[in-house]
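Working notes, beginning with the structure itself.
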Amino acid sequence: MKVSYSIPIGPVHPALKEPVMFEFEIEGERIVNVDFKVGHVHRGIEWIGMHRKNPLQILPIAERICGICNISHPFAFCIAVENAAKIDVPDRAQYIRTIIAELERIHSHILWAGVAAHEIGFDSVLYLTWRVREKVLDLLEYLTGNRITKAMFTIGGVRRDITKEQYPKIREALDFYKKSFEKLKHVFLDDKTVKLRSRDCGILTKEDALKLCAVGPTTRASGVKKDVRVDFPYAAYGDLDIDYITPDILTGEVRGDVYDRIVVRLLEVKQSVEIIEQCLDNMPDGEIMFEPKVAKLLALLKKTSGDGVGRAEAPRGEVIHYVKMREQDTPYTWKVRAPTYNNLMPWIPMLKGEQIADIPIVAASTDPCLSCTNRVAIVKDGRKEIVTHEYLHKLSVEKTRRLIG
Amino acid sequence: MIEIIDQAFKAVFGAIGIAIFTIIFGLLYKGIDRKLAAHMQARVGPPIRQPFWDVIKLFSKENIVPEQAIGWLFNLAPVIALASSITIMLYLPIGSFGPILSTEGDLILILYLLMIPSLAMVLGGFASSSPYATVGAQREMVLMISYEFPLAIAIISIAWRLNEANVQNPFSLSSIASYPIWNNVGILGILGLLLLLVILVIVTPGELSKIPFDVPEAETEIAGGLLVEYSGRNLGMFYLADAVKTVAMATIIVTLFFPYNLSPILNLSGYVAYITDFLFYLLKVFLVILFSVTLIRVGVARLKIDQVVSTYWITLTLISLVGLVLVMFDKVAISRGWI
């Protein structure tokens with residue numbers, strides 16, 4: 001008879017880039033059961049925002065919810081506030097927003113590819129991919145003035161224009177990525193050891209992906225056609241030629257394993273390059289801000305009453321921001337739902353039955369961003385409390401009533 | 001009586017000399033390996049003297065023994081690992097210096113000695129009572145079982161072939177060094193030996209727990225595995241044992257396959273010959289480390305433990321058996337006069 005034993009992975013572990021606590025029940029090398037706890041990096045960001053800051057001051061905070069999705073969060077927040085205040089964003093701003101968001105997707109996916117390579121002990125590929133990634137960071141710095149937190153978005157538009165003089169540099173970077181796409185594809189999809197480690201490892205079936213509401217590349221790799229950019233087009237996506245990326249485009253089959261997630265992300269890098277090219281070709285003229293005068297904009301927002309939902313397709317999946325305004329300086333409510341929140345539960349079906357060696361790559365394969373996700377932590381008198389589904393449901397019904405009332 | 005004292009004297013001072021030599025050059029090779037790997041990955045990398053600083057720092061730091069650990073075993077394991085690694089070197093010829101110790105069955109002894117550092121790490125891993133170390137120790141045992149078979153086939157076929165070529169004491173390394181195997185075989189034997197060389201080159205990273213076979217330590221999976229609880233002096237000793245074992249493993253390959261020396265070709269004698277051969281030996285060891293450790297570890301991903309086992313037991317064992325059969329057939333072919 002095999003005796004199972006437990007291994008704790010986390011909250012701090014070399015395999016995890018952010019704190020999460022896994023508890024594994026192991027038989028030999030095989031994972032029998034797994035549970036995880038999140039909540040180690042709860043920062044109370046929504047609370048800081050909704051009670052102290054006006055929407056324009058919230059933007060930098062929204063940007064800092066996640067270091068990597070620093071465009072998706074302000075993007076969704078802007079859409080939410082614009083919905084609430086019925087602000088029309090100029091077309092040109094919509095295109096610029098799209099370009100910046102897609103550049104972020106390129107940088108995020110390539111960063112992920114490097115991390116994934118490191119998780120399976122292939123450090124040479126980590127250095128290769130991160131060198132390729134430098135180009136997009138340089139381009140972002142050129143366009144927005146910053147490599148990471150770009151401060152590009154504002155309510156009703158963007159803060160910097162992309163001029164015709166800047167096009168050659170953008171196109172040069174895009175050509176670079178078209179060329180490196182083939183190289184990365186060769187490294188990740190044809191390498192024998194990478195294939196050995198990623199094929200049929202961490203499988204998420206289509207049923208599980210649907211049942212657990214997985215989002216982003218995680219769900220698309222399982223063959224679920226779900227993409228906010230296509231389903232509910234925002235910004236300029238409605239004008240563009242864009243489709244769901246599923247792994248069968250390249251390999252002809254959907255297995256929902258780690259390999260498929262690599263395929264989806266690689267193809268999305270290529271898709272992003274194409275989207276940016278379309279945006280550059282069709283960029284309309286006009287204003288880039290709904291209201292350049294900050295005081296006037298704030299006055300308008302102060303008069304706003306109502307709520308708005310912003311949805312954006314972050315590199316990791318759908319991010320939702322909900323904002324309720326009640327004719328005050330500060331929003332009455334600000335609620336963030338990061339994509340990783342949906343992608344947490346799929347870890348369990350992915351990890352069950354796999355080996356210890358698969359833990360890092362499977363955990364990383366959903367591209368978790370836990371600082372985005374951590375919204376709540378309950379610690380009472382030094383004791384942790386476990387909140388049941390029923391209790392949470394009751395709380396959320398109460399909160400919804402309070403918001404409506 | 002005087003002879004025994006003389007031999008004991010030689011053994012003691014030779015052992016000390018060899019220990020100092022292998023530790024220094026083991027660390028130097030480690031530094032070169034790290035620098036080269038860094039350049040291959042487009043990094044600057046640490047300076048070549050970095051491993052020396054690492055060891056000095058480790059030895060000056062606090063040595064923590066976990067509360068739950070079995071103290072004496074935990075502290076003993078690194079000593080055994082280092083001592084047995086150095087012992088291997090005593091049986092190996094270095095350049096044109098013969099081995100300090102020798103028996104009639106050097107090769108068999110070395111096969112066993114090679115296992116002892118790994119066994120010590122397993123002991124230390126289990127003694128440290130950490131779940132990561134336990135997993136690492138289990139993996140190390142599986143790894144040992146896996147690479148032992150192809151390694152044994154490769155070594156035994158060489159000794160057997162030398163025996164068939166009427167070499168005295170075919171298991172003794174000094175006779176292997178003086179009768180290079182390539183000179184004693186025909187074309188089929190050369191093909192077989194090439195296969196066996198490939199096997200030894202691929203067994204080396206397993207023996208040394210380097211990527212792709214670094215499963216017992218696997219940083220991203222089990223956070224250092226076997227060594228997770230080790231710190232300070234103990235970790236430093238494991239570090240040294242690893243450096244020494246790298247040199248020992250490379251020296252074994254050099255002795256088995258490339259025992260040639262430069263001095264007979266250049267007609268040198270005396271000290272100049274010793275120095276030339278020694279430098280040539282260092283170069284050979286470097287090349288073996290380059291091909292069996294550095295190039296492999298930057299070129300592939302880490303395998304899972306079941307993939308390691310199937311790689312060694314199926315693929316590599318088959319290749320080494322093919323090598324063995326070729327070497328055997330070579331003997332038959334030569335004795336019957338077919339080639």
Side-chain angles (χ1 to χ4, degrees), chain A residues 3-10 12-17 22-31 114-132 134 187-188 191-201 258 262 354-364, chain B residues 33-34 36-45 126 129-143 146 202 205 209-225 227-228 294-311 314-315:
Chain A
V3 184
S4 65
Y5 57 99
S6 68
I7 285 195
I9 301 254
V12 178
H13 187 276
L16 308 165
K17 304 301 163 230
F22 283 105
E23 272 165 16
F24 287 99
E25 203 181 305
I26 309 272
E27 262 177 16
E29 282 265 335
R30 206 149 286 283
I31 299 164
V115 171
H118 174 67
E119 302 285 13
I120 56 172
F122 206 160
D123 281 353
S124 309
V125 175
L126 162 73
Y127 296 114
L128 172 81
T129 45
W130 282 31
R131 219 152 66 121
V132 170
E134 275 307 295
V187 167
F188 278 96
D191 186 277
K192 257 219 154 107
T193 42
V194 174
K195 208 164 184 173
L196 267 177
R197 291 299 307 270
S198 58
R199 230 349 166 189
D200 294 321
C201 151
V258 174
I262 300 176
E354 297 296 343
Q355 296 182 21
I356 298 176
D358 294 323
I359 295 170
I361 180 68
V362 172
Chain B
D33 164 59
R34 282 171 71 177
L36 279 176
H39 278 292
M40 287 176 206
Q41 295 172 334
R43 288 185 287 132
V44 177
F126 278 128
S129 83
S130 146
Y132 298 135
T134 312
V135 173
Q138 288 167 354
R139 287 180 173 189
E140 176 76 45
M141 285 196 296
V142 174
L143 183 65
S146 319
I202 302 178
S209 297
K210 294 274 152 49
I211 288 176
F213 306 115
D214 69 333
V215 277
E217 286 159 32
E219 180 221 337
T220 48
E221 293 161 21
I222 46 175
L227 303 175
V228 70
T294 317
L295 282 180
I296 294 183
R297 88 182 170 99
V298 297
V300 290
R302 182 188 306 118
L303 297 176
K304 290 192 260 189
I305 188 73
D306 57 335
Q307 292 164 346
V308 169
V309 174
S310 62
T311 309
I314 300 171
T315 325

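Given the structure is predicted, the values throughout are model-derived calculations rather than measurements. Reminder, nothing fancy here: chain letters follow the sequence lines and each chain counts from 1.
The most heavy-atom pairs under 4.5 Å with chain A, out of B:I305, B:V300, B:V298, B:V135, come from B:V300. Ranked by heavy-atom pairs under 4.5 Å with chain B, the first of A:A117, A:P8, A:S6 is A:P8. When the candidates A:D358, A:D123, A:T193, A:I361 are compared by the number of heavy-atom contacts under 4.5 Å with chain B, A:T193 comes out ahead. Ranked by heavy-atom pairs under 4.5 Å with chain A, the first of B:Q307, B:Q138, B:M40 is B:Q307. Each of A:L128, A:I120, A:V125 has some count of heavy-atom pairs under 4.5 Å with chain B, and the biggest count is that of A:I120.
For A:Q355, the part sitting under 4.5 Å from any heavy atom of chain B is the side chain, from C-beta outward, and nothing else.
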* Quick one: do B:F213 and B:I202 satisfy side chain to side chain contact (heavy atoms under 4.5 Å, CB included)? Show the steps, please. => CA-CA 10 Å; B:F213 306 115; B:I202 302 178; 4.1 Å; yes
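No side-chain heavy atom of A:I356 sits less than 4.5 Å from a side-chain heavy atom of A:F24.
Within 6.0 Å of CZ in B:R43 there are more than 12 heavy atoms belonging to other residues, nucleotides or ligands.
For the side chain to side chain donor-acceptor pair (under 3.5 Å) with B:D214, the lone residue among B:R302, B:R297, B:R139 that qualifies is B:R302.
The ring-ring contact (aromatic ring centres under 6.0 Å, His included) check on B:Y132 picks up A:H13, with sequence neighbours excluded.
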